[in-house]
Amino acid sequence: MPLLKKIINDPNACAAELLEGLVEAYNGAARLEGRGSIVMNNLPAGKVGLLVGGGSGHEPIYHGLVGRNLADGAACGDIFAAPPPDIVLEGAQAVNQGNGVLFLYGNYAGDVLNFDLGAEFARDMGIEVETVLIWDDVPSAPPDKKHNRRGIAGLVPIVKLAGAASTKAANLGELVRITTKARDNTRSVGVSSAPGSIPATGKPTFELPDDVIGLGMGIHGEKGVALIPHQTADELAPKLLDIIFGDDLEFKSGDEVVLLVNSLGSTTMMELLIVLRKVKALLNERGIKVHDTLVGPYVTCQEMAGMSISLTKLDAELKELWDMPCSSVCYTKM
Amino acid sequence: MPLLKKIINDPNACAAELLEGLVEAYNGAARLEGRGSIVMNNLPAGKVGLLVGGGSGHEPIYHGLVGRNLADGAACGDIFAAPPPDIVLEGAQAVNQGNGVLFLYGNYAGDVLNFDLGAEFARDMGIEVETVLIWDDVPSAPPDKKHNRRGIAGLVPIVKLAGAASTKAANLGELVRITTKARDNTRSVGVSSAPGSIPATGKPTFELPDDVIGLGMGIHGEKGVALIPHQTADELAPKLLDIIFGDDLEFKSGDEVVLLVNSLGSTTMMELLIVLRKVKALLNERGIKVHDTLVGPYVTCQEMAGMSISLTKLDAELKELWDMPCSSVCYTKM
Amino acid sequence: MVLRVADAIIAAEDYLSEADRNLGDGDHGIGMKRGMLAVKEKLAALDGATPIDKIFQTAGMAMMSSMGGASGVIFGSFYLGGAKAVPGIETLDATSFAAFLQGACDAIMTRGKAQPGDKTMVDALHPAAAAAQTAAIHSLADAAEIIATAAEGGREASKEMIATLGRAKTLGEATLGHPDAGACSIAIILRTMADYIAGK
Amino acid sequence: MVLRVADAIIAAEDYLSEADRNLGDGDHGIGMKRGMLAVKEKLAALDGATPIDKIFQTAGMAMMSSMGGASGVIFGSFYLGGAKAVPGIETLDATSFAAFLQGACDAIMTRGKAQPGDKTMVDALHPAAAAAQTAAIHSLADAAEIIATAAEGGREASKEMIATLGRAKTLGEATLGHPDAGACSIAIILRTMADYIAGK
Ligand SMILES: Nc1ncnc2c1ncn2[C@@H]1O[C@H](COP(=O)(O)OP(=O)(O)O)[C@@H](O)[C@H]1O
Ligand SMILES: Nc1ncnc2c1ncn2[C@@H]1O[C@H](COP(=O)(O)OP(=O)(O)O)[C@@H](O)[C@H]1O
Ligand SMILES: [Mg+2]
Ligand SMILES: [Mg+2]
Ligand SMILES: [Mg+2]
Ligand SMILES: [Mg+2]
């Protein structure tokens, strides 16, 4: 396979350069703080802080989720690498308005190690820090081992809800409570069909035979439930939903959800919409009401092919937070 | 090359099924009208109508641009095929609130033939129809032959401005005037590096040697200025901008523009942001002020790789229209 | 006859898409098949006594409203324009066949503004329509054979032309050597009609 | 010595990434190279009289703050934890080297909560640190050779383990047969140190 014709400069400088570009995309709304944090300008004094983050290369998340009624800042690592602790610290310092900061990120070993160290450093400097880990990927561990689950596309509704909550929360504890609820009410499952590539090596992130797709595979190609034959959207959609419905969170008739159909990169909007059509029909059958729908490449892994379905169950409090407008490079709601 | 593992059902039913999915994505805001038009619900009585449209397979455009302060409706064809005239007619009838309809679409032979026939049918039914063709792709014909130019990603800012104008315009003539200005103030140029594929055949839309990219190539792989060696983002960005600045629309110091950096599909947000970084620096050098930035896969051609840069020059009237919020599946601005 | 044409085009889907891939966006066969499936459906709903021009008209409407793309209008106009030129005829003879093709060709050239030499299906249809005028003195079967041969000649001649219309126009000289996809369709349509008329 | 280690890791970039590709996300070599380039830069800024533990500490800080990922913290802790265990030493001997490795291993296991057998770099470092305790009676050069060999043995042993931590943990049995990428790095680091000490 020939090296992909990526439109980049130094393959080792991609993360740094894309952050510079992202600041331009924010066009004055956010800035680059320190070596690798994107931080909102003009944060309201006293606001409870929300810091997200993780490895780069998954654009438009995480750093694209910084915005009004979204995250206050994002600590960004190199491609597929958690940000080092001092970048986390710089982000925390910039975001902190005196009332503490919530760290909210995907449950990956590298992120936990670095954010935890960053939290230690921040606490040493008198900044109150709490952490909520995102672990929405159902197939990555059984329900009694949630702390082993990965964070995948469900992070988008979770950060949206946490961001809305952060502008209203009276204190860090309340933000932790609401964010934990948003996390606990979110379930995702994905499928992968072709790898992305690492810019610095040009190498594919994993390999898959031509006629199979990975059910429940992670966004970097991590193991899932099974390799299954490539199949139609209408065959696949019920399998994915059954994995979510088979988990320990009850979805029953009358429940209201936010539905996200995410592309990992080169899976097209056409395909997402075809899957969405079937998912909606299946939810209708169960009497589950879709309050809002997101569809597109939100959580990607370079030009990887594959998609995921995420459901976030709303209660009255989450629904009110969901309906707040928000604005960012990754997601804007009027 | 193996057939792509697309997540679809019947390859010949993709366009129909994605429209059904799109209606679900609109979640009540828009409906499927007739055989192939997406139309906003609850259009204000007497509003001047705006109908866009074209072939499917380029999602999230065109049909994703139906929305508040955007297009009232979109007439959608099969994959890469202009909508037939009776679908155009159905769209026009649904959109018309008694004060006529503007047809706004990309300048492709098939679209012109079908929309013109649809316009004839609509006029026969007493609906006033005007047409503005989008022809923003600079390399596709010399400046004195603009009517031979193709419409590419510049359609996004043009439809955004026309949509805002359509909610304020006193009559169809005024909408035509403003939309024509938006079109005449927009220039794009793109580059392609790898083909998309036609769902019904699985065949690539074009072929390119491994080490070259197509400068000025169209979004279906149509011929551009030249096949050039694959090169870095920093080398490419000035070449693209020079093509725009070499055209007959003056961009001078102090001008304000909307900048769109578009991916054709599998070119990543990372790459777009790296290009954006350089484009912004070059615009700064010329004293051109970026009023707003859009970056992402707005106008795609399945999983095609490549990107484009579009600039829309704003005057006071267009700037006011640009700043109006809007909401749709394709583009939302708070 | 119209049904036989539909089946022939449907069978040629891949060949026609491949021809369009060389010059256009590779979907001509897909669109023509979509149109011809619609033709078959609509004709099945007609009763046996439907007049000839009504059959042509129904086929044209079916293509026009189902295909989309450039060729939906163009090939829809083939049957629609042809039907208009032979109102109320009861049987097809060499004279009315010539009138049909002339009407079809005129309608398409008006619609699409293509001239012979622009490397479109007109380059197969125009010589066929011209041959039909002179061949009107022959039997229908002989005339149809002459017409089909003229269309095939036009398709071959289109290889030597540089496209100036449609999606292929920006390709310029790169279009040399390949026949136009629409001209391939016309050649198939008229060859199938000749075979049908000859009882083959 | 620390500079030689940096060069050895940088030279092994592809090998380390490939090892990570089998089990993780294929970027271990990239991250280690990024860290070691930062180490070289920071060390170049130190003056000649810098004490040994300060050199280790500078290297650890450089890795920790430049690499990110799991291995940024883990390998940063290698030098940082080691430096803490040998405060103020003036020359490295077999005893202080053993103390260094024990400190490094303890720091990493505290940070990363990995136990021997979890298929991480601990499976190379832990046997190396243990070997260092018993080898402390030997000369530094001999001890370093014993330590490097123990680390390489640990790397080989990691092939037979099933990952339970880090990105590879969800792969389960599929991890059998491949050595852990971080264990490969530890083996290179300690082998390079042994070679340097032996004057090779
Ligand atoms: N203006 C025109 N006049 C006559 N024929 C045309 C014109 N434009 C296109 N065609 C014919 O249509 C064919 C392409 O059809 P098709 O591929 O189905 O549509 P599209 O170009 O929309 O993809 C061309 O090969 C050409 O023969
Ligand atoms: N908790 C841990 N304790 C010790 N070592 C670990 C731990 N987690 C990961 N590692 C080591 O880190 C290596 C992976 O490093 P690297 O690929 O650079 O980071 P990432 O996993 O973030 O991509 C693994 O091979 C393993 O040796
Ligand atoms: Mg990594
Ligand atoms: Mg087409
Ligand atoms: Mg075509
Ligand atoms: Mg790794």
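These figures come from a predicted structure and were not determined experimentally. In what follows, every heavy atom counts, from backbone to side chain, and hydrogens, waters and symmetry copies are set aside.
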Below 4.5 Å from any heavy atom of chain B, which atoms of [X] appear? Answer side chain, backbone, both or neither.
{"X": "A/Val329", "value": "side chain"}
{"X": "A/Ala25", "value": "both"}
{"X": "A/Lys278", "value": "neither"}
{"X": "A/Val295", "value": "side chain"}
{"X": "A/Ser327", "value": "both"}

OG1-OH distance between B/Thr332 and A/Tyr331, expressed to the nearest 0.5 angstrom
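Reported to 0.5 Å precision, the distance equals 7.5 Å.
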Might you confirm whether atom CG of B/Asn41 has over 12 heavy atoms from other residues, nucleotides or ligands at distances under 6.0 Å?
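Enclosed: over 12 neighbouring heavy atoms sit under 6.0 Å from CG of B/Asn41.
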Part of [X] within contact of chain A (heavy atom distance under 4.5 Å):
{"X": "B/Val275", "answer": "side chain"}
{"X": "B/Asn27", "answer": "side chain"}
{"X": "B/Thr268", "answer": "side chain"}

I need the contact set between residues 52-69 of chain A and chain B: heavy-atom distance under 4.5 Å, sorted by residue number.
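Within residues 52-69 of chain A, near chain B: A/Glu59, A/Pro60, A/Arg68.
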Side chain to side chain, A/Gln302 and B/Met270, heavy atoms closer than 4.5 Å
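The answer is yes, as the side chains (C-beta and beyond) meet within the 4.5 Å cut-off.
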Side-chain heavy-atom pair A/Leu236, B/Ile7 within 4.5 angstrom cut-off:
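They are in contact (side-chain heavy atoms under 4.5 Å apart), so the answer is yes.
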Under a 4.5 Å heavy-atom cutoff, which of [options] has the most pairs with chain B?
{"options": "A/Gly296, A/Pro325, A/Ala233, A/Cys326", "result": "A/Ala233"}
{"options": "A/Glu303, A/Glu235, A/Met307, A/Glu17", "result": "A/Glu17"}
{"options": "A/Asp292, A/Thr232, A/Val279", "result": "A/Thr232"}
{"options": "A/Ile79, A/Leu276, A/Ile8", "result": "A/Ile8"}

Pairs of heavy atoms under 4.5 Å with chain A: top-ranked of [options]:
{"options": "B/His291, B/Met304, B/Glu271", "answer": "B/Glu271"}
{"options": "B/Ala237, B/Cys14, B/Pro297", "answer": "B/Cys14"}
{"options": "B/Val23, B/Asp211, B/Val212, B/Leu259", "answer": "B/Val212"}
{"options": "B/Leu22, B/Leu19, B/Asp10, B/Leu273", "answer": "B/Leu273"}

Within the distance-only criterion (no hydrogens, no angle test), does the side chain of B/Asn9 pair as donor or acceptor with the backbone N or O of A/Asp234 below 3.5 angstrom?
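Yes, B/Asn9 side chain to A/Asp234 backbone: donor-acceptor pair under 3.5 Å.
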Measure from the side-chain N and O atoms of A/Lys5 to the backbone N and O of B/Ser193, and report whether any donor-acceptor pair falls under 3.5 Å.
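Checked: pair present.
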Least distance between heavy atoms, A/Glu24 atom then B/Lys280 atom:
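Distance-wise, the nearest heavy atoms are OE1-NZ, 2.6 Å.
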